[in-house]
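The model shown is predicted, which means the values in this text are computed figures rather than measured ones.
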Amino acid sequence: MKNAPLEALKALVGPAGYLDAGPDMDLYLTDFRRLHRGRSPLVLLPANTGQVAQVVRICAQHRIGIVPQGGNTGYCGGATPDDSGTQVILALQRLNRIRQIDPLGDAITVEAGCTLAQVRQAAESADRLFPLSLGSEGTCQIGGNVATNAGGTAVLRYGMMRALVLGLEVVLADGRVIEGLKPLRKDNSGYRLHELFIGSEGTLGIVTAACLKLFPRPVERATALAAVADPAAAVQLLSALRTAAGEQLSTFELMPRLAVELTSRHIPGVRDPFSSAYEWYVLTELAASNSGSGSGIQTTLEEILAAHATDAVVATNLQQREALWRMRETVPEAQRHAGASIKHDIAVPISVIARFIREAGDWVTANVPDGQLIAYGHLGDGNLHFNIQQRPDTDAAQFLARAPHIHRTIHDLVAAYGGTFSAEHGIGQLKLEDMRRYKSPTELAVMHAMKQALDPQGILNPGKVLPAAGT
Amino acid sequence: MAKILVAIKRVVDYNVRIRLKPDGSGVATEGVKLSINPFDEIALEEALRMRDRGAAEEVIVASIGPAETQQQLRTALAMGADRAVLVQADAGAVVEPLTAARTLLALVEREKPQIVILGKQAIDDDNNQTGQMLAALWDRPQATFASTIELKDDKATVRREVDTGLETLEVDLPAVFTTDLRLNEPRYVKLPDIMKAKKKPLETVTFTDLGVTPKQQVEVSHYEPPPVRQKGVMVKDVAELVGALKKRGLV
């Protein structure tokens, strides 16, 4: 590609603001799961919103594709360029200031490159909670959390990222900026523009800052790992906890035996807290933000578990709580140690989730002899990571070769159950075919119209989210 | 038949970031998670394992503290202790190691255990004195900082971690043991045991009942937080590092 625009971009951001060679650059070209690898002549690291806008303006002028990138922890290749070598990467990591904390208004304004952990910490230092919580929170960035509408383990109580955003600052495809950082709980003045960009994966605009909701910090928590007979029993337990604890129920995560086995084997410090093995487990937590109700939530949890769980262990101190959480959070890591896996990030209505697991599980058992099902995740949200793990001593390449067929079958079944093929991981470049297959032509047409309106040249994260029209 | 007495202390949870009260008069405990001192939890775990191997018949867990300490004693009962004794102190009262040791001695005289186990120190005041004082007052052997304890007949072989390596002691029972971190990993509390624990005896007594007069011999003037660590600076290469160190007169 032509050199002049690239030189202009470099001059704009200065020597500390780009990478065009070297091993460091490699980190930006591969995704976290190492499924995708792209090429790019230039990684831009602008220092502020003004520079982002100017970068976009130059790119717009020369029709250069821009791939926005945060912490690069996405699961669908949404932040990895294609292999044309013509797209530049725009990493927002240097926009990492906490601009403002408003404990009275329960709002925090942060730049896109702040890590999630940084924002959670800033909130905590003001005695507040920013509830979004992901396994990758030390690395993932707020801009990416917004762009992918991240989920995680606190959705049950606080909702996905969309529910936590009050306003956004966004650079549009022509370099204009929407300054929408008002910390307002109510604003019905026309279309809620910032909502458009949440979950758009950088295809409609580039998020440079966000105004986010804060909450009172939970001061008492009751955490347990429960053993249940099957997913149907887990759903019963969920319903009983909801009835008894209301909004204090903050976690409800399902794990099969295999998840406990793999994490105990591969992750230091994780051990099976039970003396006997069970088929299914639920990590559940109640949280209260007012002290005094502490032994109350503990008792509630214990009573409901006594009535609805086969067995359970309760964390008696925070170290045990963290150990139980570690088991849940390191399932993906343990899966990597244990070989290849074929992953699905699906959601189905909670009322049919147990039936779905049974039917889909039976299919896996009958048709994927070299794999075993490890369906775990946010049962309270109807969201499962329905993964199939390669069995020991089988051939990974042979196993993975059947991934497309397996994806198709599982996703067809999900659709039949009224579910979605992407609950919280987004589309990126990984699930374009699924978009074409499972979204209605009307939905796709509206999405294309939105893309056309906001990015007519198609320079923002080209080739992501939307399958090419008409093919 | 042999009894084991375990002493536990209610402290701010190990994983809580400690904050001071605004007036510097102490550590803030309002709305903060309180748990069994981790070393004491290890002591309890060891006692339960001894009992379950048949080396003792009964594990009695005792604590000195305000009424809320019942929560930690219930947890200890749920872990498996047979019964609990709370020596109730006024809320906010400071119990110094010597008072604690005298109180435990009174319980020892009442219960006549073969073995007393407690943590080598509590993580709140880090005194590391109660076990030693108790052994001296009781006039029985002590084996502190135990990383393994083996019982045989009326003797115990204890490995303890010292600066020069591992030291092995043999002591005659009855004796006092204090636990180090490596002795064991405490169990999780299981749900059926929580339900059972609700029915186990938890007795509350006062210092007066035990004939102990609490004494305060140390006066704390004030507390202050440790200095905040200065933010680091990134240097590009060794030359810049050396330059920066020279500039500060450090090399």
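Salt bridge B/Lys120/B/Glu161: absent, no basic N to carboxylate O contact under 4.0 Å. The pair A/Asp272-A/Arg257 counts as a salt bridge, with a side-chain nitrogen and a carboxylate oxygen less than 4.0 angstrom apart. Of the charged side-chain nitrogens involved, at least one lies within less than 4.0 Å of a carboxylate oxygen, so that B/Arg49 and B/Glu45 count as a salt-bridged pair.
Both the backbone and the side chain of A/Leu324 come within contact range of chain B, judged by heavy atoms closer than 4.5 Å. Proximity to chain B (any heavy atom under 4.5 Å) is shown, for A/Arg321, by neither the backbone nor the side chain. Within the 4.5 angstrom heavy-atom criterion, atoms from both the backbone and the side chain of B/Glu185 approach chain A.
Counting heavy-atom pairs closer than 4.5 Å to chain A, the top residue among B/Asp13, B/Val16, B/Thr75 is B/Asp13. Contact count against chain B (heavy-atom pairs under 4.5 Å) is highest for A/Arg271 among A/Glu303, A/Arg271, A/Arg217.
The list of salt bridge (Lys or Arg N to Asp or Glu O under 4.0 Å) pairs with a residue in residues 15-26 of chain B, not counting sequence neighbours, reads A/Glu124-B/Arg17.
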Got a list of side-chain donor-acceptor pairs under 3.5 Å for residues 228-243 of chain B, not counting sequence neighbours?
residue	atom	partner	partner atom	Å
B/Asp237	OD1	B/Ala239	N	3.4
B/Asp237	OD1	B/Glu240	N	2.9
B/Glu240	OE1	B/Lys236	N	3.2

